[in-house]
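Start at 1 and go down the list; that is how both ligands and their atoms are numbered. Computed from a predicted structure; not experimentally measured.
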Amino acid sequence: MAYENIIVEKREHVALIRLNRPKALNALNSALMRELGDALVKADADEDVGAIVITGSEKAFAAGADIKEMRPKSFVDVYREDFITSEWEAVTRVRKPVIAAVAGYALGGGCELAMMCDFILAADTAKFGQPEINLGVMPGAGGTQRLTRFVGKSTAMEMNLTGRFMDAAEAERKGLVSRIVPADELVEEAVATASKIADKAPYAVMATKEAVNRAYETTLAEGVRFERRMFHALFATEDQKEGMDAFVEKRTAQFRGQ
Ligand SMILES: CC(C)(O)CC(=O)SCCNC(=O)CCNC(=O)[C@H](O)C(C)(C)COP(=O)(O)OP(=O)(O)OC[C@H]1O[C@@H](n2cnc3c(N)ncnc32)[C@H](O)[C@@H]1OP(=O)(O)O
């Protein structure tokens with residue numbers, strides 16, 4: 001598939017995906033979401049890729065679903081298409097870690113896309129929000145659910161009901177983003193972080209991601225049991241031997257994904 005709305009680069013075992021509709025502040029239309037889904041499936045299958053970064057531009061990670069594309073749709077259209085379609089959730093099906101590197105606006109579907117990633121690195125210019133209420137609708141891709149889990153009911157309710165934006169400092173304080181970096185270092189820092197993950201034992205990385213995500217979907221007791229079983233399973237890998245041998249031999253581990 002040829003891409004017109006995203007740019008994909010490979011760097012140091014990292015797939016860097018840039019959303020690229022600058023004139024529309026990376027508004028997420030169906031073509032862009034199809035291309036993003038395709039790029040994610042390919043990066044997930046690529047044995048030379050250990051982690052993925054999704055980013056936008058300096059001004060906008062993404063200003064939400066494309067309002068101009070959405071505007072003429074009827075109830076029957078959105079219900080039949082099941083809009084937001086499963087293409088929007090492609091990122092949640094990726095088994096490798098996905099980092100959202102957010103500068104500028106991450107609004108509506110843009111904020112929802114960032115929250116579907118495994119963690120968010122924010123530039124000091126980042127602004128998050130769920131302004132769908134101003135359009136006479138409400139979030140349709142997780143804004144009422146994921147945002148509430150990240151920042152708690154009170155802040156999520158206020159943001160969803162008023163459309164207020166949250167700046168990077170508040171997002172860090174409330175746990176929406178893992179950390180803030182200067183805007184001109186954002187992409188390099190995200191790629192360096194992803195590359196650090198890509199150097200680790202891939203099955204340990206995959207199992208860790210699965211276990212952390214389980215914390216959102218199950219009870220504590222079930223989650224801890226799941227974690228223990230995944231921990232046990234990693235003793236079936238050569239990388240467990242290599243990691244522990246390397247520690248004892250005081251050298252850097254060379255993981256081979258076996
Ligand atoms: C996924 C769901 C189900 O949850 C639904 C959604 O995501 S609904 C969308 C939610 N997002 C918004 O409501 C944000 C809309 N955008 C804005 O409020 C502003 O553009 C801004 C505050 C992000 C930036 O303002 P400003 O700097 O003044 O730039 P603009 O002139 O407004 O925008 C430049 C250019 O981009 C087009 N644009 C911006 N956002 C969208 C969008 N979401 N969809 C389509 N097009 C968008 C905007 O129309 C401008 O283009 P032109 O009209 O000048 O051609």
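Relative orientation of the Y216 and F150 rings is tilted, given thresholds of 30° and 60° on the angle between their planes. Relative ring orientation between F231 and F235 is described as perpendicular, the plane-to-plane angle rising above 60° on a 0-90° scale split at 30° and 60°.
Closest to atom 14 (C) of ligand 1 by heavy atom, among G129, G64, A63, is A63. Nearest to atom 25 (O) of ligand 1 by heavy-atom distance, out of F83, F165, Y105, is Y105. In the candidate list N134, L107, V137, L113, L107 is nearest to atom 23 (C) of ligand 1, counting heavy atoms. For atom 47 (C) of ligand 1, the nearest non-hydrogen atom from the set A24, C111, P22, G163 comes from A24.
The shortest separation from a heavy atom of E69 to ligand 1 is not under 4.0 Å, leaving the residue out of contact. Under a 4.0 angstrom heavy-atom cut-off, G143 registers as lying outside contact with ligand 1. Distances shorter than 4.0 angstrom occur between a heavy atom of K23 and an atom of ligand 1.
In this structure, the protein non-hydrogen atom closest to atom 33 (O) of ligand 1 is L25 CD1, 3.7 Å. Here the heavy atom of the protein found nearest to atom 3 (C) of ligand 1 is G140 N, 3.3 Å. Nearest protein heavy-atom contact of atom 44 (N) of ligand 1 is I67 N, 2.9 Å.
Every atom of ligand 1 with a heavy atom of P131 under 4.0 Å away is listed here by number and element: 11 (N), 12 (C), 13 (O). Residue G108 approaches ligand 1 through these ligand atoms, each under 4.0 Å from one of its heavy atoms: 7 (O), 10 (C). Here is the list of ligand 1 atoms found below 4.0 Å of a heavy atom in P139: 4 (O). Under a 4.0 Å criterion applied to the non-hydrogen atoms of G109, ligand 1 contributes the atoms 1 (C), 6 (C), 7 (O). Near K68, meaning under 4.0 Å from any of its heavy atoms, are these atoms of ligand 1: 49 (O), 51 (O), 52 (P), 53 (O), 55 (O). Near A65, with a cut-off below 4.0 Å to any heavy atom, the atoms of ligand 1 are 1 (C), 5 (C), 6 (C), 7 (O), 9 (C), 42 (C), 43 (N), 44 (N). Each of the following atoms of ligand 1 lies closer than 4.0 Å to a heavy atom of E132: 2 (C), 4 (O), 5 (C), 6 (C), 7 (O), 8 (S). Within ligand 1, the atoms closer than 4.0 Å to a non-hydrogen atom of L135 are 8 (S), 9 (C), 13 (O), numbered from 1 in the order shown.
Distances from atom 38 (N) of ligand 1 to the protein include at least one heavy-atom value under 4.0 Å. Counting only heavy atoms, the protein gets under 4.0 Å from atom 1 (C) of ligand 1. The presence of a protein heavy atom under 4.0 Å from atom 11 (N) of ligand 1 is confirmed. Note that atom 31 (O) of ligand 1 has no protein non-hydrogen atoms nearby, at separations under 4.0 angstrom. For atom 53 (O) of ligand 1, the nearest protein heavy atom is under 4.0 Å away.
Under 3.5 Å, the side chains of E35 and N5 contain a donor-acceptor pair of N or O atoms. Using a 3.5 Å distance cut-off with no hydrogens or angles, the side chains of R179 and T193 do pair a donor with an acceptor.
Residue E217 places its CD atom among more than 12 non-hydrogen atoms of other residues, nucleotides or ligands, all under 6.0 Å distant. For F255, the CZ atom is densely surrounded, since the number of other residues' heavy atoms within 6.0 Å is greater than 12.
Using a 4.0 Å cut-off between charged nitrogen and carboxylate oxygen, E188 and R11 count as a salt-bridge pair. Salt bridge annotation for E222-R214: absent, with no cationic side-chain nitrogen under 4.0 angstrom from a carboxylate oxygen. Taking the charged nitrogens against the carboxylate oxygens, R256 and E238 do have a contact shorter than 4.0 Å, which makes a salt bridge. Ion pairing between a basic and an acidic side chain is recognised when a charged N comes within 4.0 Å of a carboxylate O; K42 and D38 show such pairing. Taking the charged nitrogens against the carboxylate oxygens, E242 and R251 do have a contact shorter than 4.0 Å, which makes a salt bridge.
For the pair M70 and ligand 1, the shortest N or O to N or O distance does not fall below 3.5 Å. Looking at ligand 1, you'll find an N or O of K59 within less than 3.5 Å of one of its N or O atoms.
You'll find the side chain of R21 reaches within 4.5 Å of the side chain of D66, heavy atoms only.
With a heavy-atom cut-off of 4.0 Å, A27 touches ligand 1 through its side chain alone.
Checking side-chain atoms of E12 against main-chain N and O of S195 turns up no donor-acceptor pair under 3.5 Å. Proximity of a side-chain donor or acceptor of K209 to a complementary backbone N or O of D118 within less than 3.5 Å is not detected. Put simply, the side chain of T55 gets close to the backbone of A101: a donor and an acceptor are under 3.5 Å apart.
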